[in-house]
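Working notes for the structure below.
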Protein chains: 4
Amino acid sequence: MAGGGDGAFIGAIHRAAARLDGEVELVCGAFSADAGRSRATGAALRLAPERSYDNWRAMLGGESRLPAGERAEFIVIVTPNVLHLPIAEAALRAGFHVLSDKPATASLAEARQLAAVVHESGRRYALTHTYLGYPLVNEARERVLAGELGTIRRVIVQYPQGWLAGPLESTGQKQAAWRTDPTQAGPGGSIADIGVHAFNLAEFVTGQTVVAVCADLASVVPGRAVDDDAAVFLRFAGGARGLLIASQVATGEGNDLSIAIYGSTAALAWSHATPNTLRLMSLDGREQYLRAGTDAAGLGATARSLCRTPVGHPEGFIEAFANLYRAFAADVRAFPAGPATLKSPAGIDAALRGMRFVDGAIRSSAAGQIWVNL
Amino acid sequence: MAGGGDGAFIGAIHRAAARLDGEVELVCGAFSADAGRSRATGAALRLAPERSYDNWRAMLGGESRLPAGERAEFIVIVTPNVLHLPIAEAALRAGFHVLSDKPATASLAEARQLAAVVHESGRRYALTHTYLGYPLVNEARERVLAGELGTIRRVIVQYPQGWLAGPLESTGQKQAAWRTDPTQAGPGGSIADIGVHAFNLAEFVTGQTVVAVCADLASVVPGRAVDDDAAVFLRFAGGARGLLIASQVATGEGNDLSIAIYGSTAALAWSHATPNTLRLMSLDGREQYLRAGTDAAGLGATARSLCRTPVGHPEGFIEAFANLYRAFAADVRAFPAGPATLKSPAGIDAALRGMRFVDGAIRSSAAGQIWVNL
Amino acid sequence: MAGGGDGAFIGAIHRAAARLDGEVELVCGAFSADAGRSRATGAALRLAPERSYDNWRAMLGGESRLPAGERAEFIVIVTPNVLHLPIAEAALRAGFHVLSDKPATASLAEARQLAAVVHESGRRYALTHTYLGYPLVNEARERVLAGELGTIRRVIVQYPQGWLAGPLESTGQKQAAWRTDPTQAGPGGSIADIGVHAFNLAEFVTGQTVVAVCADLASVVPGRAVDDDAAVFLRFAGGARGLLIASQVATGEGNDLSIAIYGSTAALAWSHATPNTLRLMSLDGREQYLRAGTDAAGLGATARSLCRTPVGHPEGFIEAFANLYRAFAADVRAFPAGPATLKSPAGIDAALRGMRFVDGAIRSSAAGQIWVNL
Amino acid sequence: MAGGGDGAFIGAIHRAAARLDGEVELVCGAFSADAGRSRATGAALRLAPERSYDNWRAMLGGESRLPAGERAEFIVIVTPNVLHLPIAEAALRAGFHVLSDKPATASLAEARQLAAVVHESGRRYALTHTYLGYPLVNEARERVLAGELGTIRRVIVQYPQGWLAGPLESTGQKQAAWRTDPTQAGPGGSIADIGVHAFNLAEFVTGQTVVAVCADLASVVPGRAVDDDAAVFLRFAGGARGLLIASQVATGEGNDLSIAIYGSTAALAWSHATPNTLRLMSLDGREQYLRAGTDAAGLGATARSLCRTPVGHPEGFIEAFANLYRAFAADVRAFPAGPATLKSPAGIDAALRGMRFVDGAIRSSAAGQIWVNL
């Protein structure tokens, strides 16, 4: 694991998710740019001292020198965005598979470079787009792809957060500090941090690509160098119109990513606030709720396989994350078998598309809300 | 009452709302373009036969000939949009006050003409923007105006309906037929029918005018002559960004107008699906719910005065509508006393602004999503 | 109208409900035991001065002396419980129909006397059990009676209110004062005030009578002379077990009467907090929501006929009440036609059963939670 | 681990919960009464073959023979109830700590015996009362204990499940089969399976013992040998009245344990359907929602320490379970330090109290709903 030291929320989530199903074991790490803090984290995690490295280059070097059966099988990247490319590139070139936090890179140019390296290396690469790990998100996708909604017409995907409504970065809070610093996060703020989740979710559930965007980005908190509030019109390949909101100044909101998809014959809606429920709506106004659960009536095999508990036993963020780990572990175990059947829901294509979206949205907004093709 | 015959949903709502508080009495009507049906409706409503008129011109003429104490004090217009101006103009010129359903007119040019007539006549004119009659919408406005939210940054107003997701107009359903016929409704479809409600709500609660719009309108159902799906970026006078959705092809949705307003220090959200609840959010994530009710803790005097029942006794659409009738009745009773203190929340200014919005959104969308100043 | 003067919440509701559909007109009243206040209320309601009476005896006398076509057709009783019987009895004997607020009387003995008078007089008598006016309560009943749930096994009906959690009666609040005074309310507190609503709802929706009760009543607020908190085991004629909660010391609660009925093949649940939604559950865990509305998919004719607005336009307490007025008006108009088809959902039988419940619960609790047959 | 083989829902949950925080490692197991199936489960879990035992006696024997640093530190019991006592007793006598699924034993007599053994052995013993692992359940308890609610008056705890509404046991479903078989489960059905959770939650959150019960138990599904539907009046040591529902024939319900506690000055309510939200209600009707999260405003230190994610990132059943494992691991690590500060929320006292409740409820119901002191 690269990154994820003390104070980094997402590193701990990655580790819990990796542990949950007992299929993945943390064997080495370089958790911080500060060698001392990196080693302290390693010690707290009871890593073998020699595999708690001073920095990620040392980790890649050290692990490469271990025998094949002993060394790490894949590298997890949970650093600020600007390090995603160099670490992923070095790891892939050194023969490791890579599981990276989103967004893929700090810029579209970097993402293109990453894609080239991934293809060249032939290694597994996946992105932890958490929400794709939720059972009912997968149920929604399967129902849409099966044509249950008819022609998709209108998509609304919303991601309101409130934690950056104040100038949190000026208080020394790490999470806020790097996310609002273009030299660490890249040019995108909320659009890259959470907009890319919303975009990814919309493409995943609809099974369609977004072909053009028209974006209204703003930096609302005085002094902030990146956008913290974004609204975007979307145009899907199938003709549907979309709307995406990604705001980190939605005062008081937690982390309620939601999506509603309206088709010519039916519609569905899912919200992270109630992740174990999927709302289905018919043309005549009938409304049905599906519940997640290993024993849930009306649920497809995919969704059921992503559940660990029966109906009525809530699963959440860590379980969704663990589903991504389980999928990636399966992909790694199957390596080097053919690429056609990767289980990870977001690979290098989704990674590249996400960065196209970020880049397109920034350019659209900078030009005063013009349409930009992705 | 002009319009509102058999089969017209909103006419019956107007009459129930007028009756609810016992302050307004229906004394005459021309309920249909068909004289026979008009008289049949009048009879069913137990009007005096001589005041059940063949058409609205006859009604205005007949009522004008009655002595001052006997004739109708004001005219309610619940016809298709294209008749709003001619009836309102004739009524105002004949000395009647006018309470009109929205949108004000079929076009912006007509709205300007109407505004001139209203000012010339000196009579009362108000629009039944239903949602402004809800107690907690007024509570929201008062809290925003009192500065509780700090600087408003982001506004999201959504109005999803599903009843026009199929080609209902081709089945002979009256409501659908005239709303999708530009010769009866004007050039706007969903943008004029429900978008104008959403726009009006956003301006009312924020207390700010929208200065520019960038709209993405579509006519989704094949063969439909007007827009049935709309998404609009808004820019408020105070700098806030807004987003407005007004779709009548949101399959399966009922009538859930909602608004969320995010400020620098707090936020609030209201939804028509739960109209007796107002959600308040603070910067640190604390969340509070206010309930409507004559005895509700934490509610301002305005909101309380708009309630008829204690907390826990739901009030709804008809009660909100009745609040508009009560306000207009008060304005009429006070006539001709000064205009400064009209109780009706939407008068000719709101009427004109609504049509500016419809016109601006249509122009913006036709030009490919450019910003249009209102 | 007898009772319902200034400060009486329910009198104003009755009047609004009576007005809503334009089928009932208030023509006379004795609104208070204080003649001056009674007349003041009458004046505020714009009654003819000669029909604003000093007291209810004067009203019955005065109205009786009017010609048949002019006098009141029925008397509405909205006084404290102890006056229900004397007014109803006098009115019925004088040839008036009677619409009474619940509970029917102050004691079971009185209810038996009332029943005798009703049958003797041959006049219409109905109770305003508000919740029976809600469209979806009727939908629930029809589905249960049609056998959709299979054998009913478990019923849970809950009525938590918080307004009497403090000693409100000692502050001079009228509503609290008479309800906690056995000389005005009878021996039952919460059991008679709201328990009787819950009981009535349970019998109405299940279509079964409760044959026995085992009750745990308490007077929680120090110094209070009647029960303010009640829990009751129920046994239904069909063998189902039931549970009823009626508490007025449920701190912070509004007025959320709810019922859940579990059968051998399906279940349903309704809550006054969301009165326009009915939850249906199947044996395998599928969950569906029905919405109220004149155009609602899946709704029976009865429920639709009790709606005034389409789906998504909330109706509430006053509309439910108005449905009771509409039903009683139809019953009165049909008089003296046969009793088989009365539209009022709660007549003298329900009135008597309600008082049997109150009496049985009080006796059960006093004896230390023994079973009492009703 | 004793029990928890293939087909046993709760065994897999225990293992996931144990893994989540990386503090507990599964080192041995006897997962089934069938030696072959036990070993197959051990293999699937990648246990060392020699520590995958044929049966629990062999496991206790084998582990006892290992050196102190190598053998299992504690034994987890996830078998049918009737095995809880023999395994726990043997394990404790052999010097192992014990973490057991609920209910403690199959009968009250057994529970008394277990308590004696626990005290004699001086080892750690805890019960996995899952719901005590939820952050907001702990927040509720702390607020109640701090006196925020004033005097507690009324407690309502409900646990409706629908999975046993049909005769599932006759289909060979394992979970249903042993739970409805008194020779495996003991004399209690739903009262012992879920009633004991509800009872435990009520005592935990109120901080009060239940001193007497009056129960109405039924066996609703034809042919079933144990109760499957229970309603119980409770009397708390502090005088509060309580009501407990535990039904496994609540058709269509999942697993929504909920509790509401009404005090003289405030109230609170929690529901497993929305476990990350705690509803607080004040005497005047103000309503506030607390959210779970490491960064949640208004949350006490205990509740925060039980969260792994920030506000808006749902945690669920496995995380709650993992909190119990974390607590027990801490208790075991601290062993043999003093017993005053055990972190496990349910130890042998709660175990014994739970069985007193089951026993008392069964006796009360059998005697026709009499009060039984616990």
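Chain letters run A, B, ... following the sequence lines, proteins first and then strands; every chain starts at 1.
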Of the backbone (N, CA, C, O) and the side chain (C-beta and beyond), which part of [X] lies under 4.5 Å from a heavy atom of chain A, both, or neither?
X      : result
D:R46  : side chain
D:E23  : both
D:A12  : neither
D:Y134 : side chain

- Item | Selection from D:T309, D:D21, D:T294, D:N276 maximising heavy-atom pairs under 4.5 Å formed with chain A |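 Heavy-atom pair counts peak at D:D21.
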- Message: Taking side chain as everything from C-beta outward and backbone as N, CA, C, O, which of these in A:A16 sits under 4.5 Å from a heavy atom of chain D? Side chain, backbone, both or neither.
- Response: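 A:A16 touches chain D through backbone and side-chain heavy atoms alike.
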- Checking A:R15 against chain D: side chain, backbone, both or neither under 4.5 Å from a heavy atom? neither
Work out which heavy atom in [X] is nearest to a heavy atom in [Y]; give both atom names and the distance.
X      : Y      : value
A:H313 : D:H272 : CA-CE1, 4.1 Å
A:I13  : D:R308 : CD1-O, 4.0 Å
D:I318 : A:E319 : CB-OE2, 3.4 Å

Using a cut-off of under 4.5 Å on heavy-atom pairs, state which of [options] scores highest against chain D.
options                       : value
A:G22, A:A273, A:G293         : A:G22
A:A296, A:A297, A:P310, A:A18 : A:P310
A:G316, A:P314, A:G254        : A:P314

- Message: Could you check whether atom CD of D:E73 has more than 12 heavy atoms from other residues, nucleotides or ligands sitting under 6.0 Å from it?
- Response: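 No.
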